[in-house]
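Worksheet: the structure to be examined is printed underneath.
Throughout, a chain's letter reflects where its sequence line sits, starting with A, and its residues are numbered from 1. This structure is a prediction, so every number in the text was calculated from the model and none was measured.
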Amino acid sequence: MRPTRVDTQARHVVNHRSQKQTGVTLHRTGTVTAARRPLGKAPRLVALAASVLCLTVLAGILAAHAFAGGSDFYCDTCTLYPDGVPAVSQAHHSSFYEDTAAPEDTGYTNSYWMAVYFYSANQNRTMCYTEAFGKYGVETGSGCTTGPADTDARCHMTHQSGSVLAFCGAFYENQ
Amino acid sequence: MMPKFPRIMQRVLYVVAAVSVCVIAISAFHLVTRASATPDPLQGISAAENAPVLPSDAPALAQISDPSGMFGEIMTAVHQMPSLVAGHAAYITPTTHGGFCFTVVQLGAACDSSFSASSEPALFVDSDPDGSGPIGTTAFGVAEDGVDSITMTVNGKQVTVPVQENTFQYIGDAAVAPGSITNVSANFADGHSVPLN
């Protein structure tokens, strides 16, 4: 049953009274007097340590949130051709740090020329590029970064005819 | 005194026990035969087979592991190659696919099946860390025992580089653009060549 307005007000009054009564009781027992005394050295240190710990944890959480990265699997069993038309990520980042491509050839019987790179449309240039001839795939190195440029991640087949079903994904840090 | 177990339950228990023993025996047999049938992923790469394995807390592991996990690198068995490749540390890692990944720090990585299970005797990679910028393309890779050089076409000119301790490298100048290295082949000591295409 919903309480009436009168009921609610009455409850507030009761609460207020009980707080008041509690305060009186505390004062009589001397607890308030003790709290008014200046803090000793030890409690201050404890308070300081607790504050520092709290701020450190907060900073850690914020940092982890700020630097947590993401991934963009921009080609999931897409077909790649060697004619210069790559698969392109939807996302643009200036913090891509790895691009990976692998043929979807579960038998691993054929080798493919595959390339991965970051491309800046604004600057009309490739920021870094890695290609390989192998069965399982290729990934960019740790020296392959986007610099300050806003780039997309790309993958394609190179130096051979035909096509290949592939899986490509890129990783970035949050900015 | 223990209550007498119903005869039907005893029979069920016997059957369950017999089936369990049978399943365990078949699994063990399967594991043993599979282990003996799986070739060593590093077979044919003597320099890697003899190379030290990185300890599990080696800082280099952070630069080798692939966040996508697509290649299944077995990070407890990372072999550091005896010599630098284009001035960078190089590592070979067996994979759960039965092959290996070859990583040159800074430049990149690629993965292949074991050479014993492949018709191609080399894994070839080329990398340009600044893309269209002034730094040229570096080609590198790992070749099977018996391959003594790699030949490639760079801007229309044929270039041959030696294979030493199963690795090779070619450092191009600024004119060597991304993707401009073509017609790669592996040359064996006996004179025959195998094209990578």
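Atom OG1 of residue A:T140 and atom CD of residue B:Q106 lie 11.5 Å apart, to the nearest 0.5 angstrom. Here the straight-line distance linking atom OH of A:Y129 with atom CG of B:D128 works out to 9.5 Å at 0.5 Å rounding. Here the CD-OG distance, from A:E139 to B:S68, works out to 6.5 Å after rounding to the nearest 0.5 Å.
Hydrophobic cluster membership is shared by A:V116 and A:L80, with clusters built from Ile, Leu, Val, Met, Phe, Trp and Tyr side chains linked at under 4.5 angstrom. Cluster annotation: B:I45 is not connected to B:F188 through the hydrophobic network of ILVMFWY side chains, with a link wherever side-chain heavy atoms come within less than 4.5 Å. Under the 4.5 Å side-chain heavy-atom criterion for ILVMFWY residues, no single connected hydrophobic cluster contains both B:M81 and B:I171. No chain of hydrophobic side-chain contacts below 4.5 Å, direct or via other Ile, Leu, Val, Met, Phe, Trp or Tyr residues, connects A:M114 to B:L196. Criterion: ILVMFWY side-chain heavy atoms under 4.5 Å apart, direct or through other members. Under it, B:F168 and B:V176 are part of a common hydrophobic cluster.
Comparing B:N183, B:V105, B:V104, B:L123 by how many heavy-atom pairs each has under 4.5 Å with chain A, the most go to B:L123. Here B:G179 is the residue among B:G108, B:A117, B:G179 with the most heavy-atom pairs under 4.5 Å with chain A. Chain A forms more heavy-atom pairs under 4.5 Å with one residue of B:S127, B:A110, B:G72, B:G99 than with any other, namely B:S127. In terms of heavy-atom pairs under 4.5 Å with chain B, the best-connected choice from A:A115, A:S111, A:C144 is A:S111. Options B:V125, B:D126, B:T138 differ in how many heavy-atom pairs under 4.5 Å they form with chain A, and the most are formed by B:D126.
With a threshold of 4.5 angstrom between heavy atoms, A:E131 approaches chain B through its backbone and through its side chain. Contact annotation for A:A170: neither backbone nor side-chain heavy atoms come within less than 4.5 Å of a heavy atom of chain B. Of the atoms belonging to A:F171, it is side-chain heavy atoms, and not backbone ones, that fall under 4.5 Å from chain B. B:F124 touches chain A through backbone and side chain together, each having a heavy atom under 4.5 Å away. Both the backbone and the side chain of A:A102 come within contact range of chain B, with heavy atoms under 4.5 Å apart. Residue A:Y112: no heavy atom, backbone or side chain, is found under 4.5 Å from chain B. Contact of B:T95 with chain A is made through the side chain alone, with heavy-atom distances under 4.5 Å. Using a 4.5 Å cut-off between heavy atoms, B:I135 makes no contact with chain A at all.
With hydrogens and angles disregarded, a donor-acceptor distance shorter than 3.5 Å links the side chain of B:D112 to the backbone of A:K135.
For the pair A:W113 and B:V184, the minimum side-chain heavy-atom distance is below 4.5 Å. Counting heavy atoms from C-beta outward, A:C128 and B:D130 have side chains that stay 4.5 Å or more apart. With a 4.5 Å cut-off on side-chain heavy atoms, B:L107 and A:T130 do not count as touching.
Nearest heavy-atom pair, B:N197 versus A:F133, reported as atom, atom and distance to 0.1 Å: N-CZ, 3.5 Å. The two atoms that bring B:G133 and A:R125 nearest to each other are N-NH2, 3.6 Å, heavy atoms only.
Enclosure of atom OH in A:Y81 is not indicated, since only 12 or fewer non-hydrogen atoms of other residues, nucleotides or ligands lie within 6.0 angstrom.
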**OP:** Check the pair B:S113 / A:Y136 against side chain to side chain contact (heavy atoms under 4.5 Å, CB included), numbers first and verdict last.
**Re:** CA-CA 7 Å; B:S113 60; A:Y136 294 163; 3.9 Å; yes

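Residues from residues 152-166 of chain A that place a non-hydrogen atom less than 4.5 Å from a non-hydrogen atom of chain B comprise A:H159, given in numerical order.
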